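One is the number of the first residue; the rest follow in order along the sequence. For ligands, and for the atoms within them, numbers begin at 1 and follow the listed sequence. Note that this is a predicted model, so its numbers are computed, not measured.
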Amino acid sequence: MVKEIQVRVNLVEQRIEDILKKKAARSLKISSKNITAVKVLRKSIDARKKETIFNYKLAVYINEPIPETPDYIFNYKDVSNAKEVHIIGFGPAGMYAALRCIELGFKPIVLERGKNVQDRRRDLRAINQFHTVNEDSNYCFGEGGAGTYSDGKLYTRSLKRGDVRRIFENLVYHGATEQILIDAHPHIGTNKLPKIIQNIRETILKYGGEVHFETRVSDFVVSNNKMKAIILKDGTEIPVSAVVLATGHSARDIFELLHKKDIQIKAKSFAMGVRVEHPQELIDQIQYSCSGQRDELLPAAAYSLVHQVNNRGVYSFCMCPGGFIVPAATANGEVVVNGMSPSRRNNKFANSGIVVEINVEKDLPKYQQFGELKGLQFQKDLEKLAFNAGGKSQVAPAQRLTDFVEGRLSNSLNDTSYQPGLNSSPLHSLLPKIIGGRLRKGFAAFGKKMHGYYTNEANIVGVESRTSSPVSIPRKENLEHPQIEGLYPCGEGAGYAGGIISAAMDGERCAEAVIAKYTS
Ligand code: FAD
């Protein structure tokens, strides 16, 4: 017999050998001798009270053996000679669109402007050390997309959008640990992601799909409102039947191209702000109510904060415990920051985006002349402002947190994980009021929710501007663009995802939509 139960374990109990079996026996009022195995189905940590509790959901096997761990099976077919689906972009949306095509018996041909994960590393080093941004290969562009050199957080709020579990099992199939199926807040880590992404590429190639790196799409041929061909940067023209456009939120040239060709796009509300960086030990002390270092059984603590200021949300985004702030610009002349963590989250800093909702209709009166590209233009201007304030390199403008809120320049800054370096700048007066003013009120409120958070031991670093896409690309119920037959806008850049998992799910949905049309 197998029974599912929930048990709570405190930190002292967590150290006791076989504690889960003992708790299970007590909970089920049976002898632990009758328990053949205990399998953890779900694990979460609750640190809201003085005592930190591990919550477990367990499957308890009573007088019967535990079945072998299932292999996660995906029924990939040989698609070498099958009908083709062209996919632009090899981020999570493009990768999962390609895998789904293979499962359904169609041949994905992926075109990706960036390099493979190994070669991409060299370009990241060039940004960090020499402040040179390769416009095709950087923290946003290249194999695995923006999700490769990230924290690899795998949670999503979009539970309705598809089968999250399927995406997780696919990651395990390609080399992620099974722990991601158990943890309430799973993450993979930037040191482990490249191998998993390489394995995904190898699956695609093994079954007859194609992945072309350093292949930037620069135009489309549309005739009679039908997608006819893709044109590459080198002028090559590739005839197509269907195109999954999964180019992400940083592919500004694609948004501009669609706009120029009168292919409908739409300005959408998005969020921008700064990254804040605290010592991880301080965040641990606040979240675990401890002094000194956290208990070794506890992971680096995370937080999630939100506050309403003048009818706009100010909130934490992509919090990276034990992580690094990274330069995520996609062109020279701009400074953009984001965050990533290794799998052990063992760096000494905790960073998080703290961003403000921007309503493109109400908050940007001076940008209305840019039409559907108004949010994009505002984003560009802010990134240029950060570039100038940092000193015209990848050095980022920064300020101590309380100095920012109280409106004075910082005489010195705290240590940072941001490799290109920081330049003390008056961000309180440089940032537009709709962002700076709201952030200042938001940070003060966060200090009341998390005592110790509002401190000059933290830096804020500008600007966190690529949290979401300032443009969406419309699509019909069958996921095709309303004007162009054969064009399937997909993933975060089109406005249908907000993270690795939701982008992957949207990739699968778009592949299914293309194939539904092929086979109807
Ligand atoms: P992208 O990942 O942006 O992929 C688009 C791809 O298209 C890119 O590889 C790009 O090179 C390619 N492309 C663009 N234009 C062209 C063209 N013209 N021709 C050919 N190819 C083109 N999300 C999480 O859920 N968890 C996290 O921990 C997390 N951390 C992050 C950390 C960082 C540093 C960054 C930058 C992002 C992070 N995100 C995280 C966000 C996440 O990475 C994105 O939501 C996700 O990658 C979006 O997937 P996508 O496939 O829609 O687009």
Side-chain angles (χ1 to χ4, degrees), residues 86-98 110-117 120 123-124 134-158 167 185-190 193 197 211-220 230-233 243-258 275 302 317-321 323-330 336-341 345 351-353 464-469 473 489-507 510:
H86 287 81
I87 298 168
I88 312 178
F90 201 49
M95 289 191 295
Y96 273 79
V110 181
L111 309 169
E112 164 58 54
R113 71 195 287 166
K115 300 182 185 171
N116 68 51
V117 277
R120 197 176 162 189
D123 298 311
L124 302 189
N134 177 330
E135 298 192 354
D136 288 313
S137 175
N138 46 57
Y139 277 92
C140 292
F141 293 162
E143 187 172 18
T148 309
Y149 298 97
S150 78
D151 182 50
K153 274 180 284 299
L154 300 179
Y155 19 108
T156 174
R157 291 192 202 104
S158 56
I167 305 290
H185 291 106
H187 95 116
I188 293 183
T190 188
L193 282 158
I197 285 161
V211 182
H212 301 273
F213 294 112
E214 299 181 62
T215 305
R216 191 206 291 184
V217 171
S218 61
D219 205 352
F220 305 114
I230 284 169
I231 299 182
L232 304 182
K233 190 183 160 200
V243 172
V244 175
L245 183 66
T247 43
H249 63 21
S250 288
R252 290 176 171 165
D253 40 5
I254 290 291
F255 294 135
E256 283 158 2
L257 174 71
L258 296 176
R275 207 149 257 268
F317 180 86
C318 184
M319 201 263 143
C320 297
F324 299 83
I325 301 183
V326 297
T330 46
V336 179
V337 290
N338 212 307
M340 69 176 194
S341 312
R345 287 182 165 164
N351 72 67
S352 175
E464 173 93 17
S465 50
R466 306 275 179 98
T467 58
S468 48
S469 182
I473 311 176
C490 179
E492 186 163 36
Y496 303 100
I500 295 169
I501 295 299
S502 54
M505 288 194 290
D506 199 52
C510 286

Where do Val243 and Val217 land on the side-chain contact (heavy atoms from CB on, under 4.5 Å) test, with the steps shown first? CA-CA 11 Å; Val243 172; Val217 171; over 6 Å; no
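- Among Gly145, Gly152, Gly91, Gly147, the residue whose heavy atom sits closest to atom 43 (O) of ligand 1 is Gly147.
- For ligand 1, one of its N or O atoms has an N or O atom of Gly499 under 3.5 Å away.
- At a 4.0 Å heavy-atom cut-off, ligand 1 touches Ile500 through backbone and side chain alike.
- By the criterion of a heavy-atom distance under 4.0 Å, the backbone of Thr215, and not its side chain, is placed next to ligand 1.
- Residue Asp253 does not touch ligand 1, judged by heavy-atom distances below 4.0 Å.
- Remark: side-chain polar atoms of Asn338 are not paired, donor with acceptor, to backbone N or O of Val326 under 3.5 angstrom.
- Ranked by closest heavy atom to atom 37 (C) of ligand 1, the top entry among Ala146, Ala97, Ala503 is Ala146.
- Nearest protein heavy-atom contact of atom 46 (C) of ligand 1 is Glu492 OE1, 3.7 Å.
- Applying the 4.0 Å criterion to heavy atoms of Leu111 picks out, from ligand 1, the atoms 20 (C), 21 (N).
- Distance alone, capped at 3.5 Å, is enough to place a donor-acceptor pair between the Asn138 side chain and the Asn134 backbone.
- Close contacts between ligand 1 and Ala251 involve ligand atoms 14 (C), 15 (N) [criterion: under 4.0 Å to a heavy atom].
- The closest approach between a heavy atom of Met340 and any atom of ligand 1 is not below 4.0 Å.
- Atoms of ligand 1 lying under 4.0 Å from at least one heavy atom of Asp151, given by number and element, are 28 (O), 30 (N).
- In this structure, atom 53 (O) of ligand 1 has protein heavy atoms in its sub-4.0 angstrom surroundings.
- Near Cys318, the atoms of ligand 1 lying under 4.0 angstrom from a non-hydrogen atom of the residue are 30 (N).
- For Glu143 (side chain) and Asn116 (main-chain N/O), no donor-acceptor pair under 3.5 Å exists by modelled atom type.
- A distance-only check finds no donor-acceptor pair linking the side chain of Thr247 to the backbone of Gly493 [under 3.5 Å].
- Of the N or O atoms in Ile254, none lie within a sub-3.5 Å distance of an N or O in ligand 1.
- At least one donor-acceptor pair under 3.5 Å links the side chain of Ser341 to the backbone N or O of Pro321.
- Under the 3.5 Å distance criterion, the side-chain polar atoms of Glu112 are matched with a main-chain donor or acceptor of Phe90.
- Atom 27 (C) of ligand 1 has its closest protein heavy atom at Lys153 N, 3.6 Å.
- No N or O atom of His249 sits closer than 3.5 Å to an N or O atom of ligand 1.
- For Ser502, no heavy-atom contact with ligand 1 is shorter than 4.0 Å.
- Looking at Lys233 and Asp253, no side-chain N of the basic residue comes within less than 4.0 Å of a carboxylate O on the acidic one, giving no salt bridge.
- Here is the list of ligand 1 atoms found below 4.0 Å of a heavy atom in Gly339: 32 (C), 33 (C), 34 (C).
- The contact set between ligand 1 and Gly491, taken as ligand atoms under 4.0 Å from a residue heavy atom, comprises 52 (O).
- Of the heavy atoms in Ala93, both backbone and side-chain atoms come closer than 4.0 Å to ligand 1.
- At a 3.5 angstrom cut-off on N or O pairs, Glu112 counts as close to ligand 1.
- The main-chain N or O of Tyr139 is found under 3.5 Å from a side-chain atom of Arg120 such that the two form a donor-acceptor pair.
- Of the possible polar contacts, one joining the Thr215 side chain to the Phe213 backbone as a donor-acceptor pair under 3.5 Å is found.
- At the top of the distance list for atom 31 (C) of ligand 1, counting protein heavy atoms only, stands Ser150 CB, 3.2 Å.
- Between Ile473 and Tyr496 the shortest heavy-atom distance is O-OH, 2.6 Å.
- Using a 4.0 Å heavy-atom cutoff, Ala497 is absent from the residues neighbouring ligand 1.
- Neither side chain, Thr330 nor Arg252, offers a donor N or O lying under 3.5 Å from an acceptor on the other.
- When only non-hydrogen protein atoms are considered, atom 7 (O) of ligand 1 lies nearest to Gly89 CA, 3.2 Å.
- Here Ile88 has side-chain heavy atoms under 4.0 Å from ligand 1, and that is the only part of it that gets that close.
- Here is the list of ligand 1 atoms found below 4.0 Å of a heavy atom in Asn338: 32 (C), 33 (C), 34 (C), 35 (C), 36 (C).
- Against a heavy-atom cut-off of under 4.0 Å, Ala246 is close to the following atoms of ligand 1: 5 (C), 6 (C), 7 (O).
- No donor-acceptor pair under 3.5 Å is formed between the side chain of His249 and the backbone N or O of Glu492.
- An N or O contact shorter than 3.5 Å is missing between Ile501 and ligand 1 by distance.
- Under a 4.0 Å heavy-atom criterion, Pro92 is in contact with ligand 1.
- Side-chain N or O atoms of Lys153 include one that pairs as donor or acceptor with a backbone N or O of Met319 at under 3.5 Å.
- Under 4.0 Å is where a charged nitrogen must lie from a carboxylate oxygen, and between Lys115 and Asp136 no such pair does.
- With hydrogens left out, the protein atom closest to atom 3 (O) of ligand 1 is Gly248 CA, 3.4 Å, a heavy atom.
- Considering backbone and side-chain atoms alike, Tyr149 places every N or O at 3.5 Å or more from each N or O of ligand 1.
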Hey, mind stepping through Tyr149 and Val117 against side-chain contact (heavy atoms from CB on, under 4.5 Å) and telling me if it holds? CA-CA 9 Å; Tyr149 298 97; Val117 277; 3.9 Å; yes
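- Considering only non-hydrogen protein atoms, atom 10 (C) of ligand 1 sits nearest to Phe141 CD2, 3.3 Å.
- Annotation: Gly142 places an N or O atom under 3.5 Å from an N or O atom of ligand 1; distance criterion only.
- In this structure, the side chains of Arg345 and Asp151 come closer than 4.5 Å at one or more pairs of heavy atoms.
- Heavy atoms only, all atoms of each residue included: Val244 and Ala97 are closest at CG1-CB, 4.4 Å.
- For ligand 1, one of its N or O atoms has an N or O atom of Arg113 under 3.5 Å away.
- Taking only nitrogen or oxygen atoms, main chain and side chain alike, Val217 reaches within less than 3.5 Å of ligand 1.
- Protein heavy atom closest to atom 14 (C) of ligand 1, with residue, atom name and distance, is Thr247 O, 3.3 Å.
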